[in-house]
Amino acid sequence: SKPLVVNIVNYFFSEDFDANEEYDVEFTSTESVDLKIELKRADLFVKVGKINTYHFEFQLNGERYMVFRMFDYGYRKAFSEQKDENVICFPKQVVLYLEEGKGVPDELKLKLIFPLTDRGEQEVIYKVIVKKVWEISEEEKLKRGLYSLLPLELFKLRKKAEAIKTASEDEILQLSKQIKDDTMKIINKAIELSDEKKLTEEDYEKITQAVVYLIEYFSENYADLKLSKEVSEVSEYIHTRGKNEGIREGKIEGIREGKIEGIREGKEEAIIQLTKNMIRDGLSVERVSNITKLPVETIMKIKKEIEQSNN
C-alpha cells in the first residue's frame with residue numbers, strides 16, 4: 001500500500017513524507033535498452049509525488065562492480081525521464097544487502113573525471129546509499145512502519161541453513177524449530193497489524209505470501225530440516241487468519257494436535273469455506289488440494305460454482 005511504500009522511502013532515504021497524506025505513488029519501468037540492444041533491468045524504481053524517483057537495488061552478496069551497475073541504471077533512468085535537454089537528474093539510489101557476508105561494502109562511490117575544459121579538469125564523486133538489512137532489528141521495523149520487511153527476519157536464518165551439512169542432529173532440530181517459530185511469529189504479527197488496520201488486505205497477503213515463499217525455500221533446499229509438512233500447515237493457518245485456538249500461541253504443533261477444529265477433523269463446512277477463500281485468493285487447484293486434502297475434482301466443482309455465482 002502507499003503508506004508502506006512511503007515509510008520505506010522515508011527510512012532509507014531520510015525523507016519526511018507524511019504516510020497519512022495522499023501521494024501519487026508509481027512503480028515505474030525498470031527496463032532499458034543499451035546501445036547493443038541488450039535489455040538492462042534494475043530491481044525497483046518508485047516515484048513519490050511528481051518529482052522524486054527512488055531506485056532500490058537488492059543484493060544477496062557483495063559484488064565488485066556494483067557501483068558501476070548502479071551508475072549505469074541511474075544514468076539510463078535519468079536519460080529516459082529527461083525533461084531539459086541540457087540536464088539529466090539521477091534518481092535517489094540505495095543498495096539493500098540482504099545477508100551478511102564477505103565483500104559487502106560500507107559505502108559505494110565512484111570518482112568521475114571529465115575531460116579538460118577551459119575551466120580545468122572536472123571531478124565528481126558519485127555515491128550510492130548502502131543499507132545492511134540484517135542490521136535492522138524487528139523492533140525498528142515495527143517502530144518505523146517497515147512492515148513489508150518483516151519476512152526478512154526469517155531470511156536471516158539462511159546462513160545457518162547453509163551450514164546444515166556439517167551440523168549435528170540436535171542442531172538441525174533446533175534450527176528447524178527456530179524456522180517454524182519465527183514463521184509463526186511473523187504471521188501472527190501480520191494478523192495483529194491487520195486487525196489494527198495498520199495493514200491493508202493486500203499488504204497482509206503480500207507479507208504472508210513472502211513468508212510462505214521463504215518456508216518453501218527452506219523446505220525445498222534443505223531437506224534435512226524436514227519442513228515439507230509445515231508448508232501446507234502455514235498456508236492453511238494464513239487463510240484461517242489464526243482464528244483457531246492452539247495456533248494463536250505461535251506453535252505449529254497446535255495444528256498437528258488437531259486444534260484447528262473443523263479442518264483436519266472433518267467438519268465439511270469449514271473445509272468448504274477454507275477452499276472457497278483460497279480459490280478467491282487465486283491459489284491454484286493443485287495447491288488448494290494439497291492444503292485441504294480435498295480431491296481435485298471437488299475443488300474444480302467448487303471453483304465452477306464460484307464463477308457461476310459471480311456471473
Side-chain angles (χ1 to χ4, degrees), residues 150-191 204-300 302:
L150 286 173
L152 293 179
E153 290 296 306
L154 189 57
F155 187 78
K156 289 179 180 180
L157 300 175
R158 198 187 81 92
K159 288 198 76 173
K160 289 185 178 181
E162 281 291 303
I164 201 172
K165 293 178 182 178
T166 58
S168 67
E169 186 175 346
D170 285 345
E171 289 172 330
I172 292 172
L173 289 173
Q174 185 176 359
L175 177 57
S176 180
K177 183 179 184 302
Q178 186 176 359
I179 291 172
K180 297 172 194 175
D181 290 346
D182 286 3
T183 296
M184 297 309 298
K185 183 178 179 181
I186 296 167
I187 294 171
N188 282 330
K189 179 54 68 174
I191 292 170
Y204 173 81
E205 289 179 1
K206 287 183 176 180
I207 289 171
T208 52
Q209 283 172 6
V211 173
V212 171
Y213 172 82
L214 285 171
I215 197 167
E216 283 179 341
Y217 169 83
F218 283 116
S219 174
E220 292 174 5
N221 291 278
Y222 308 101
D224 288 343
L225 292 172
K226 300 179 181 178
L227 292 170
S228 59
K229 188 175 181 180
E230 278 70 20
V231 173
S232 61
E233 291 174 342
V234 165
S235 297
E236 194 171 59
Y237 181 61
I238 288 169
H239 284 89
T240 59
R241 292 281 182 147
K243 293 178 181 178
N244 302 284
E245 187 180 354
I247 310 173
R248 201 39 135 156
E249 301 168 359
K251 296 181 180 179
I252 291 181
E253 284 75 10
I255 302 176
R256 291 190 182 134
E257 293 167 7
K259 292 181 180 178
I260 303 184
E261 294 183 8
I263 297 177
R264 290 292 191 194
E265 295 189 357
K267 288 191 179 178
E268 185 176 349
E269 184 179 347
I271 298 175
I272 297 302
Q273 187 57 52
L274 175 64
T275 301
K276 288 180 178 180
N277 290 342
M278 289 189 284
I279 290 172
R280 292 190 181 104
D281 286 344
L283 271 70
S284 68
V285 170
E286 293 75 16
R287 183 72 179 276
V288 176
S289 177
N290 183 50
I291 293 172
T292 63
K293 310 306 179 187
L294 289 175
V296 170
E297 294 77 12
T298 302
I299 295 168
M300 289 292 291
I302 294 171

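In this text the structure is predicted, and so the values were computed from the model without any measurement.
Between Ala161 and Phe218, the shortest heavy-atom distance links the atoms CB-CE2, 3.9 Å. Taking all atoms of both residues into account, the shortest heavy-atom contact from Asp224 to Ile172 is O-CG2, 3.3 Å. Considering all non-hydrogen atoms of both residues, Thr183 and Ile179 come closest at OG1-O, 2.6 Å. Ile215 and Val231 get closest at one heavy-atom pair: O-CG2, 4.1 Å.
Two residues are said to be in side-chain contact when any heavy atoms from C-beta on lie closer than 4.5 Å; Leu227 and Lys180 meet this criterion. In this structure, the side chains of Tyr222 and Tyr217 come closer than 4.5 Å at one or more pairs of heavy atoms. Put simply, the side chain of Asp182 does not reach to within 4.5 Å of the side chain of Glu153, judged on heavy atoms.
Residues meeting the side-chain hydrogen bond (donor to acceptor under 3.5 Å, both in side chains) test with Lys159, sequence neighbours left out: none.
Counting non-hydrogen atoms of neighbouring residues, nucleotides and ligands closer than 6.0 angstrom, the NZ atom of Lys156 exceeds 12 such neighbours. In this structure, Gln174 places its CD atom where only 12 or fewer heavy-atom neighbours from other residues, nucleotides or ligands lie under 6.0 Å away.
Note on residues 161-173: pairs passing salt bridge (Lys or Arg N to Asp or Glu O under 4.0 Å), not counting sequence neighbours, are Arg158-Glu162.
Within the 3.5 Å criterion, the main-chain N or O of Leu225 finds a donor-acceptor partner in the side chain of Ser176. The main-chain N or O of Leu294 is never found under 3.5 Å from a side-chain atom of Thr298 such that the two would form a donor-acceptor pair.
Annotation: the span from Ile279 atom CD1 to Met300 atom CE amounts to 9.5 Å, rounded to 0.5 Å. To the nearest 0.5 Å, atoms CG (Leu154) and CD1 (Ile187) are separated by 9.0 Å. Here the straight-line distance linking atom CD1 of Ile186 with atom CG of Leu150 works out to 6.5 Å at 0.5 Å rounding.
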Do any side-chain atoms of residues 207-214 form donor-acceptor pairs under 3.5 angstrom with protein atoms, and if so which ones, sequence neighbours left out?
from   : atom 1 : to     : atom 2 : distance (Å)
Thr208 : OG1    : Tyr204 : O      : 2.8
Thr208 : OG1    : Glu205 : O      : 3.2

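Using a cutoff of 4.0 Å between basic side-chain nitrogens and carboxylate oxygens, Asp181 and Lys185 are not scored as salt-bridged.
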